[in-house]
Enquirer: 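Input: one structure, supplied below.
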Amino acid sequence: MSDRRTELEAAPWGGRTRRYDLIKEGVVAVVIIAILAAVLSTLFGSPDDKQITFKDWATAAPADFYATSVQELAGTSGTAGYGAPYNTASDGVNLGPLHLAKIMGVTHPVDTVNDFVITPLTTVSNAAPVADALKLWQASDAKQQSTWATNYDTALTKANQDASKVPTGDYGPVPELAAGLLTMAQAGSLDGALLSQGNYFQSDNTKQTLFLGDGSYFNDQSTASNLQGDTWGMMNETGRYPGQAWLWLYSFWYQIPPFNNGDSHPFGANADAWIMVIMGALSLGLIIMPLIPGVRSLPYKIKIHRLIWKNYYQEENL
Amino acid sequence: MSTGIEKEMWTTKLRKGWQKNLPVEKLLPDTQPAYVASWIYMFGVATLASLGVIIASGLWLSFEGASWYHFSSVGHFVNSIHFWAVQFFFIFMVVHLWGKFWMAAWRGKRMMTWVTGALAFVGSIATAFTGYLIQTNFDSQWISYEAKDGFNSVGIGSKFTVTNFGQMILLHVAFLPVIIGVITLIHVLLVRSKGVVPPIDAFNKELGERK
Ligand code: HEM
């Protein structure tokens, strides 16, 4: 646009004016919206599906909980193999040569063996077999512990998570530890122990959430509520409520190739990182949109402004 | 009456700049240009009003605590108001955004108005997101579990820990609303200071001003 035109558009308006009560408009708007919100709240309320506790999980799906506990001991769970910021078990996702999570380091250390299983077990008084198992575990070295846990994890997986079908083997105290944790969870005392980790004040639920997510139960609940990322779950809400519809573009990328295929390299397997980058770039684009050639000229080409200012243009014969 | 010393003072500079750019007559005028007569102008105000309802209901929820609404029917109602006001807020803001786009409302040195608006949009998404994380229900458990991967993937997760309830609640009720509030304030003051942008065809070919 020419400088002259910019100056005219920036200058105080010298043309016709009309009476306009800004404050009245604002107050009326607040009242109307408060009323509308109150009406919808009365008619529909708001979503509030109950939180899942470890007690819920261990009661509803004991085999899944038991097997997940074994995985935590064996280091085969999702969290145990996650990498930064929780541990160094893997490099995590990458943007080409950039492993950003790894670069930022382990800022939230999570040791699935101790944080998820052993430490919580030590906070309660256990039945004799569990107490003995705990003693044996703590008296053994890491290599021995790992051998037992891996043996049992493998055998349990082969038996389709049915502990009664696992043949005898060199499992050490692992079955008793998992059984002890199951009992503890079913009694409802694992939630608090996972959170507090021996402290008084606690407001970080990271360990609980990671453990919960390692099992199938939590995932199944979310699938049932249509909350999975590959089915636009990011924008969905529990029940029949509108969700974060404004995340449609973010969610969109997860639905299309290569991002919807977690096995395709380099993009699908690292979809989280690439989509974050795409959305960062698009957000920046929105912010500086008036500087982007082409896009900023659209309003002059597609003349929706003729509609918006229809009355004024008519009155002025423009 | 100004002496040399006054001229140097920051206070004086601020007052003079303020008086020049945003005298109270401009902040609270009696009239608007004749072209400010379209339904599209309602959406900025509607967004602002929704934000007001969000903040009021949010303050109420804060005083009662994060779990209140699970067991109190009044609490559930206030939570519902907060929830629906957020839906309104985003609907109005998106219509407002598209409106301003088709009006090319950044013309006439109004670039910063657009920029602050877009920042408010992005910031609001972040704020709403943290709100979903502190519902203390199944939805927030799931969202935090899923979203951690996105933030971890680019290293942000090392500082912004979505599974950390304490961090999320503090950001949602303190830091982020303050940022949205300040950005929105600047946005609206910019609009008042610069005046509402004239229609694209308000000036004729010779760029003469229309009455
Ligand atoms: C917190 C969210 C927002 C609030 C409360 C808000 C509020 C307002 C209000 C009250 C006005 C003046 C009335 C009107 O023209 O509608 C306005 C103008 C404007 N808004 Fe927003 N807005 C928000 C977000 C946005 C966004 C996301 C954009 C675009 C990216 C944007 C761009 C603009 C522009 C360019 C103007 C100046 C219009 C002119 O000079 O005619 N705003 N805004």
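Per chain, numbering begins at 1; letters A, B, ... match sequence-line order.
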Enquirer: When heavy-atom pairs shorter than 4.5 Å are enumerated against chain B, which of Gln244(A), Gln208(A), Glu237(A), Gln202(A) gives the highest number?
Expert: Gln244(A)
Enquirer: Quick one: which of Glu146(B), Met42(B), Lys194(B), His76(B) has the most heavy-atom pairs under 4.5 Å with chain A, could you say?
Expert: His76(B)
Enquirer: Do any N or O atoms from the side chain of Thr163(B) and from the backbone of Asn205(A) form a donor-acceptor pair under 3.5 angstrom?
Expert: no
Enquirer: Between Tyr145(B) and Asn219(A), does any side-chain donor sit less than 3.5 Å from a side-chain acceptor?
Expert: no
Enquirer: Please classify the contact between Thr107(A) and chain B as side chain, backbone, both or neither, with a heavy-atom cut-off of under 4.5 Å.
Expert: side chain
Enquirer: So what's closer than 4.5 Å to chain A heavy atoms on Phe129(B): side chain, backbone, both or neither?
Expert: both
Enquirer: Look at Ala118(B), Ser153(B), Ala49(B) and state which one has the largest set of heavy-atom pairs under 4.5 Å with chain A.
Expert: Ser153(B)
Enquirer: Test Asp139(B) against every option in Leu227(A), Asn236(A), Asp49(A) by the side chain to side chain contact (heavy atoms under 4.5 Å, CB included) rule and name the one that passes.
Expert: Leu227(A)
Enquirer: Do the side-chain N and O atoms of Asp201(B) and Tyr312(A) include a donor-acceptor pair separated by under 3.5 angstrom?
Expert: no
Enquirer: Under 4.5 Å heavy-atom distance to chain B, tell me which part of Gln221(A) shows up: side chain, backbone, both or neither.
Expert: both
Enquirer: Heavy-atom distance under 4.5 Å to chain B: side chain of Met289(A), backbone, both or neither?
Expert: both
Enquirer: Are any of the side-chain nitrogens in Glu9(A) or Lys109(B) under 4.0 Å away from the carboxylate oxygens of its partner?
Expert: no
